[in-house]
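These notes are about the structure you will find just below.
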Protein chains: 2
Amino acid sequence: MALPPAVELRRRNRAALLEQLHRHGPQTRAALTEALELNRSTIGALATDLAESGHLQETTGQSTGSAGRPSTLVACVPQSITVAAVEIRADRLRFALVGLGGEVLERSETALEDGDDPVSAVAVITGGKAGDAVDAVAAMPGLVDEGTVAHSTELGWVDRDVAADLEAATGREWQVVDTATAAAVGEWSRGDAHEARKLLYLHGGRGLTAGLVIEGRSQRGGSIQLGHIVVEPGGRECACGLRGCLEAEMEAFVFAEDIENATLAAGMGDAAARDRLRRSGEDLGRALGAVVTATGPDEILFGGWLRELYLSTAAPVRSALAETTLPHLRSKLRLRTPVLGDEGALMGAAETGFAAVFDRMR
Amino acid sequence: MALPPAVELRRRNRAALLEQLHRHGPQTRAALTEALELNRSTIGALATDLAESGHLQETTGQSTGSAGRPSTLVACVPQSITVAAVEIRADRLRFALVGLGGEVLERSETALEDGDDPVSAVAVITGGKAGDAVDAVAAMPGLVDEGTVAHSTELGWVDRDVAADLEAATGREWQVVDTATAAAVGEWSRGDAHEARKLLYLHGGRGLTAGLVIEGRSQRGGSIQLGHIVVEPGGRECACGLRGCLEAEMEAFVFAEDIENATLAAGMGDAAARDRLRRSGEDLGRALGAVVTATGPDEILFGGWLRELYLSTAAPVRSALAETTLPHLRSKLRLRTPVLGDEGALMGAAETGFAAVFDRMR
DNA sequence: ATCATATGTTGCAGACAACAACAAACCTCG
DNA sequence: CGAGGTTTGTTGTTGTCTGCAACATATGAT
């Protein structure tokens, strides 16, 4: 039989079991039985199967304190499935090898100079390790569509087929996602934004991007060029050729240090700094208003240097948002800062890889 | 056995077969075998099964002209599964009973006076027919979220639980979707926008709404309040409480007749009319720019009276769009008018119902 | 008329998950 | 400390499903 009939069902269940353990950590067989809505015997068969193939580790004899035979605890074996994750920025490169269950098995980081090509740096930093990984994902700031970076302010790329370049440099396939979407996935899966149904992550690097994630899954083209929302028709010229882009209008704040200085100066009574902060917050809020009206998220996270900007300018951001979105969209909306810091994108890239792995198993 | 193991697989295949026939029309068994990637014998079993249960009609002995035994043609029986679809506008109500395969079995329409409650009119127009339908879907203009209309300029509703009201009035469950999203689904499935991966439908009624459909499937919260994108910060006061909303700025064109008059006047050299048309087009293009940047569609359809506006003002719409979106997002974008006219929403509502029916079968 | 071709049909085998009965391992209570 | 209750793992059985192969059927080509 080329394609046994019920094998597919088996595979689906196997994938579901691994995904459950990956996302919710070690559990008893009994808990798995309930979570997957399968029979005890089915779970038993799957678990022993996966334990034999080295994907799971079963620990028996865990006295729970309650009546009845204690259930055997089953946990992932991280090394059995690994995903290579890379986060590219203009000034540095991060790499992590993440195992099944979410454990970070290896990690490293290098600085990039202006002029270095991040793609060849990826080949160096991953060494041979990416080859062993079941999936590999690279996150980078910009408008990403199916392996191609259509536009990236930070990296200065237009229509670069990064997936192909990465494959040429490392000898393996790569998924390419944008940093903001990756960070959103990371915050949803490994942060504390798990309840958000529509999560919008704003990322401030050298450019401003945003990523939309619905119920934890990134969307085709959920990559949003927040920095190129026009907030001032006919305003300042932007590097992209348009006028009045958020990025151009907020030019003064393209690097994080400026915000800290401005916040400091504003705190010391510098009216000009205060004014610049306020206006930046208002511009951000206005751009955000359009994005919120168009996408209707229920949670917004301010990441990268937008985190600092938001913490300094929450009031103008909120008031500008209030002036540009319907009360109904606003009322269900929470504005926060991410909990994973600048790790979110790397973790999210890994999770994106695992999602693909589980999908492929079915 | 309460839940036989492979029954689920059987159900999935049965649903897939019906969906295939519903969407692509009558086909031979051989074609189905190829499309569903199942064995001849499996298709045979499913087909005879479904023919016995009255869902399918098999016609044998269709000589195709090519060699080999002629394949039996299999077609849906429309009456076997029906969906009730309703399109609500402030001024009229449309009803259609659509059968499996897409055939419209019944249809009717009534005018509504200001002050009539559309919900009770739905009970009247559907009569008892909605009760027999397997699913029922109502499309209405506004921001719809899980059966509740959060905001509707046209109907003047805020946070009305329409699904509950419809159920109370008609004695059956209803899905509620917004007109623009429904129309997008309709154009995708029954119109000529089937290749569009991300389809944005703009609907002009008494308010302006938009609906986003990705690969033919409506998204949770794909309902967009286009009319309340702020195009003129601090501009005219809008009924919603904000200032500078597209709807408020385009107030002069809230009814279609005005556009026809303006187009006529502009054609006869009326500079003021020409100017108003141009400015309306620019406002629309600017709002659209923000939505495009935030959602990245590859096709935009101008429906309702926006169709007329677009036909009269394509140039300013396009140039304003060009000034507010990145070249990359624009290059893959097609702007068109719908082919189903004002039938799209009704057809799309029915398709939404069928999608739910097939989902439920799995 | 015969052969090649394409398709429907039938009997069989492999696979799988639910079920039920049994075994194992814990707790509690007297 | 032992009996009973409780929860969980294990094993053999059963019903269902799909793919396969062989056969039957209906057409066109030679």
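Order of the sequence lines sets the chain letters (A, B, ...), proteins ahead of strands, with each chain counted from 1. What you see below is based on every heavy atom in this structure, not just the backbone, and it leaves out hydrogens, waters and symmetry mates.
- At C:dT7, none of the side-chain N or O atoms of B:Thr72 fall inside 4.0 Å of OP1 or OP2 (strictly under the cut-off).
- Protein atom CG of A:Asp49 is 13 Å distant from nucleotide atom P of C:dA15, rounded to whole Å.
- In this structure, A:Leu17 atom CG and C:dA17 atom P are separated by 11 Å, rounded to whole Å.
- Checking the phosphate oxygens (OP1, OP2) of C:dT9, a side-chain nitrogen or oxygen of B:Arg29 falls inside 4.0 Å.
- In this structure a side-chain-to-backbone donor-acceptor pair under 3.5 Å is present from B:Glu187 to B:Leu340.
- Each of A:Asn13 and A:Pro70 was assigned the nucleotide of DNA chain C with the nearest heavy atom; the assignment lying further toward the 5' end belongs to A:Asn13.
- Closest approach of B:Gly211 and B:Thr181 over heavy atoms only: CA-OG1, 3.4 Å.
- Nucleotide D:dT16 holds its P atom 20 Å from the CZ atom of B:Arg12, rounded to whole Å.
- Summarising the geometry, the separation between CD on B:Gln27 and P on C:dT7 is reported as 13 Å, rounded to the nearest angstrom.
- Proximity note for A:Arg69 (side chain, C-beta onward) versus C:dA17, D:dT8, D:dC20: the nearest is D:dT8.
- Between the CG atom of B:Leu32 and the C1' atom of C:dA6 there is a distance of 16 Å, given to the nearest Å.
- Residue B:Asn39 places no side-chain N or O under 4.0 Å from the OP1 or OP2 atom of D:dT18.
- At a threshold of 4.5 Å between non-hydrogen side-chain atoms, the residues B:Leu36 and B:Thr42 do not count as touching.
- Between A:Arg10 and the phosphate of C:dA17, there is a side-chain N or O to OP1/OP2 separation shorter than 4.0 Å.
- Counting non-hydrogen atoms under 4.0 angstrom, B:Ile43 reaches nothing in the nucleic acid.
- Side chain A:Ser41 to base C:dC19: a donor-acceptor pair is found below 3.5 Å.
- The CD atom of B:Glu34 sits 13 Å away from the C1' atom of C:dT7 (whole-angstrom rounding).
- When distances run from any side-chain atom of B:Arg40 to the nucleotides D:dT18, C:dG8, C:dC16, the shortest one goes to C:dG8.
- Atom CG of A:Leu46 and atom C1' of D:dT8 are 17 Å apart (whole Å).
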With side-chain contact (heavy atoms from CB on, under 4.5 Å) as the test, would you mind laying out the steps for B:Ile81 and B:Leu18 before giving the verdict?
-> CA-CA 10 Å; B:Ile81 297 179; B:Leu18 283 181; 4.2 Å; yes
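- Here the OG1-CG distance, from A:Thr60 to A:Leu73, works out to 10.0 Å after rounding to the nearest 0.5 Å.
- Close to D:dT8, at under 4.0 Å from its OP1 or OP2, lies no side-chain N or O of A:Ser71.
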